[in-house]
Amino acid sequence: MINIIKKTNIGVLPILNFFKKIIQSTVHDTDHPVAPKVKIYARPEHCISRSQISENALKVLYRLQKEGFEAYLVGGCVRDLLLGREPKDFDVVTDADPEQVRRVFRNCRIIGRRFRLAHVHFGKEVIEVATFRGAADEQNDKQVLNNEGRLLRDNVYGAIEEDVWRRDFTVNALYYNIKDFSVADYVGGMDDHKTGTLKLIGDPETRFREDPVRMLRAVRFAVKLGFKVDPACENAMHGAAELLSSIPSARLYDEVLKLFLFGYALQAFEMLRHYGLFQVLFPDTEKSLAAEENGFPRLLLIKALENSDNRIADGKSVTAYFLFAAFLWEPVSQLAKEKMAKGLVEFMAYQDAANEIITRQAKNTALPRHISLAMREVWSLQPKFNARIGSKPSRLLTHPRFRAGYDFLILRAETGGAELELAQWWQRYQNADETEQRKMTQPPRKTQNSKSGRKRSYRKRPNNSAAGTEA
Ligand code: ATP
Ligand code: MG
């Protein structure tokens with residue numbers, strides 16, 4: 001059942017909101033005052049310079065200001081600029097509602113249902129412009145909670161003093177004002193910034209219930225910024241992981257990508273497991289890890305995460321499908337072995353296991369079709385690496401996923417799941433010239449002993465071979 005928290009119908013008019021606040025100065029939101037104290041850090045008191053801000057973001061801020069609206073940078077960009085890091089993107093917040101923003105910019109689109117936002121497009125760069133969110137009260141259906149307290153929609157507009165309570169962490173709630181280049185801090189974000197603390201605004205349990213994805217954001221920011229999680233926030237996180245299972249799988253997929261594709265995947269993995277969050281995102285992987293930990297010392301998944309972080313540190317790209325292939329390989333292999341024990345041939349066992357595991361995983365984190373297809377390709381290439389005689393190796397080299405498949409083979413070889421000699425052979429083969437390649441793929445000459453007439457197979461798989469038959 002859905003509870004609808006209603007609000008007065010003046011959210012789109014910040015000026016009326018302002019008067020409402022004066023009249024009702026003691027009105028309280030769920031657990032915080034409507035009018036918090038603000039500390040203003042003037043330009044000389046912080047290190048943010050306009051030269052570090054994207055030109056397009058500045059254009060948006062100035063234009064809104066010129067049209068008589070308030071305009072601030074907020075969120076990750078302010079946090080990152082204060083840390084001397086390059087922001088991933090620039091988020092603007094204003095008292096103009098999305099329609100008003102659209103009227104100011106021709107290159108603007110309104111997106112979102114849960115949160116309506118304006119996107120201002122400048123070629124490839126998109127500046128996200130949000131309207132100040134309003135505080136909750138009882139008379140408006142623009143804010144919707146479900147019966148677990150999760151926010152399903154939040155399109156009530158307000159003023160900056162209300163918007164601040166809608167943000168997640170204090171360090172994400174600092175507002176850079178284009179009017180005088182000051183930073184407004186309503187929740188002690190500057191102090192937390194200095195001590196490197198990730199603190200939720202308001203009561204942690206309520207805030208996690210409102211949006212359980214904040215737990216994943218806590219992990220992401222903790223590892224990305226090297227911040228410690230505030231104890232109250234930590235306490236609320238322990239035991240709250242199951243709340244995540246109510247989040248749409250597509251949103252969880254997006255969050256998983258943000259957690260694992262930006263250079264701190266291994267730490268994120270460890271912290272997610274520490275808080276019991278990983279098992280909600282990847283239940284099959286968690287089960288296979290528990291089994292592995294007793295036996296196998298060098299997990300393929302750990303190695304994949306390490307490699308992925310190293311690649312990013314070296315400025316190389318990483319792909320989502322490769323990482324998902326690594327996450328799900330152990331569950332697929334284990335399930336395939338069970339199926340083989342019941343009599344299914346190896347090739348079919350692996351195919352069936354891949355189907356089952358992918359279908360189950362897609363219920364937790366969506367798996368777009370192009371991702372699941374690419375994962376299957378990487379997996380199905382593994383047995384093909386065993387065929388080293390004749391024309392098959394040269395054909396395999398031209399396979400569009402050869403590189404990913406080969407990298408996966410190396411991972412398996414490094415973690416005991418394939419013969420090291422096989423991986424080395426493929427490394428030599430790729431680097432060899434044509435003549436050498438031909439020599440490498442010739443069948444060994446027949447010896448006198450083998451004249452018996454029985455055809456010998458040169459394609460014998462090692463005992464720990466990956467999967468399926470050689471195609
Ligand atoms: P990143 O560097 O990943 O962009 P960010 O903090 O900017 O980090 P965004 O997802 O871009 O993250 O969100 C921008 C801002 O919006 C946040 O800093 C925060 O103030 C607010 N915000 C985003 N998601 C939530 C959420 N789930 N709950 C509350 N506030 C949020
Ligand atoms: Mg951002």
Side-chain angles (χ1 to χ4, degrees), residues 29-30 32 52-54 56-57 60 72-94 111-112 114-119 125-136 143 145 149-156 158 160 162-176 183-187 189 192-193 198-227 233 236-237 240 243-244 246-248 251-252 254-264 268:
D29 191 353
T30 42
H32 27 63
Q52 300 162 291
I53 301 171
S54 121
N56 294 325
V60 170
Y72 298 83
L73 282 181
V74 69
C77 58
V78 179
R79 181 197 68 216
D80 290 348
L81 288 173
L82 286 169
L83 286 171
R85 289 163 168 256
E86 194 183 334
K88 198 170 93 219
D89 45 33
F90 289 85
D91 298 319
V92 169
V93 69
T94 176
I111 61 138
R114 215 168 76 87
F115 296 110
R116 276 166 68 75
L117 296 166
H119 273 181
E125 190 178 13
V126 177
I127 306 296
E128 191 165 287
V129 184
T131 306
F132 293 137
R133 305 280 150 198
Q143 191 187 61
L145 299 179
R150 183 156 72 83
L151 258 179
L152 299 180
R153 201 181 320 148
D154 188 3
N155 284 315
V156 178
I160 188 169
E162 295 162 291
D163 182 87
V164 69
W165 301 113
R166 298 267 158 257
R167 307 215 159 251
D168 48 6
F169 301 98
T170 59
V171 292
N172 283 349
L174 294 164
Y175 297 76
Y176 172 86
V183 172
D185 179 5
Y186 291 86
V187 286
D192 291 336
H193 208 277
L198 215 49
K199 196 185 280 177
L200 265 176
I201 299 169
D203 169 53
E205 270 183 40
T206 313
R207 301 309 310 277
F208 284 145
R209 230 178 304 120
E210 255 174 28
D211 184 2
V213 169
R214 288 173 187 150
M215 292 188 276
L216 301 181
R217 289 173 62 84
V219 169
R220 175 153 67 92
F221 296 131
V223 295
K224 173 176 160 176
L225 308 172
F227 278 22
C233 184
M237 228 141 86
L243 291 174
L244 271 181
S246 65
I247 300 295
R251 189 164 173 227
L252 290 184
D254 289 345
E255 284 302 321
V256 162
L257 296 190
K258 289 185 202 166
L259 279 158
F260 290 111
L261 294 183
F262 290 94
Y264 37 83

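None of these values were measured; they are calculated from a predicted model. Ligands are counted one by one from 1 in listed order, and the atoms in each one are counted from 1 as well. In what follows, residues are counted from 1 in the order of the sequence shown.
- Shown in contact with Arg220 at under 4.0 Å from a heavy atom are these atoms of ligand 1, numbered in order with element: 3 (O).
- Proximity to Lys88 (heavy-atom distance under 4.0 Å) selects the following atoms of ligand 1: 1 (P), 3 (O), 4 (O).
- Inclusion of Asp89 in the first shell of the Mg ion (ligand 2) is supported: an N, O or S atom falls under 2.8 Å.
- Side-chain contact between Tyr186 and Ile201 is absent, with no heavy atoms from C-beta onward closer than 4.5 Å.
- Annotation: side chain of Asp168 is in contact with side chain of Phe221 (closest heavy-atom distance under 4.5 Å).
- In Phe169, neither the side chain nor the backbone holds a heavy atom less than 4.0 Å from any atom of ligand 1.
- Between Phe90 and Tyr176 there is no side-chain heavy-atom pair separated by less than 4.5 Å.
- Within the 4.5 Å cutoff, side-chain heavy atoms of Glu255 are placed close to those of Arg217.
- By heavy-atom distance, the residue among Arg214, Arg217, Arg85, Arg251 lying nearest atom 10 (O) of ligand 1 is Arg217.
- Under a 4.0 Å heavy-atom criterion, Arg79 is in contact with ligand 1.
- For Arg220 (side chain) and Lys258 (main-chain N/O), no donor-acceptor pair under 3.5 Å exists by modelled atom type.
- Atoms of ligand 1 lying under 4.0 Å from any heavy atom of Gly75, numbered from 1 in the order shown and given with element: 18 (O).
- Protein heavy atom nearest atom 7 (O) of ligand 1, with residue, atom name and distance: Gly76 N, 3.0 Å.
- Here Asp91 has side-chain heavy atoms under 4.0 Å from ligand 1, and that is the only part of it that gets that close.
- Under 4.0 angstrom from ligand 1, the non-hydrogen atoms of Arg167 come from both its backbone and its side chain.
- The Asn172 neighbourhood of ligand 1 comprises atoms 6 (O), 18 (O), 19 (C), 20 (O), with distances under 4.0 Å to a heavy atom of that residue.
- Contacts of Asp89 with ligand 1, taken as heavy-atom pairs under 4.0 Å, involve the side chain alone.
- Of all protein heavy atoms, the one closest to atom 30 (N) of ligand 1 is Asp168 N, 3.2 Å.
- Per residue Asp91, closest N, O or S atom to the Mg ion (ligand 2): atom name OD2.
- For ligand 1, the polar-atom distance check against Ala173 finds no nitrogen or oxygen pair separated by under 3.5 Å.
- Atom NE2 of His193 sits about 6.5 Å away from atom CG of Leu174, to the nearest 0.5 Å.
- For ligand 1, the polar-atom distance check finds an N/O of Asp211 within less than 3.5 Å of one of the ligand's N/O atoms.
- Contacts of Arg166 with ligand 1, taken as heavy-atom pairs under 4.0 Å, involve the backbone alone.
- Tyr264 places no side-chain N or O within 3.5 Å of a backbone atom of Gly226 that could act as its donor or acceptor partner.
- Other residues, nucleotides and ligands contribute over 12 non-hydrogen atoms within 6.0 Å of the CD atom of Glu128.
- Although no hydrogens or angles enter the test, the distance criterion places a donor-acceptor pair under 3.5 Å between the side chain of Arg166 and the main chain of Gly134.
- Taking the charged nitrogens against the carboxylate oxygens, Asp163 and Arg167 do have a contact shorter than 4.0 Å, which makes a salt bridge.
- Interatomic distance, CZ of Phe169 versus CG of Leu200, reported as 4.5 Å (0.5 Å rounding).
- The side chain of Lys224, and not its backbone, has at least one atom closer than 4.0 Å to an atom of ligand 1 (non-hydrogen atoms only; side chain from C-beta on).
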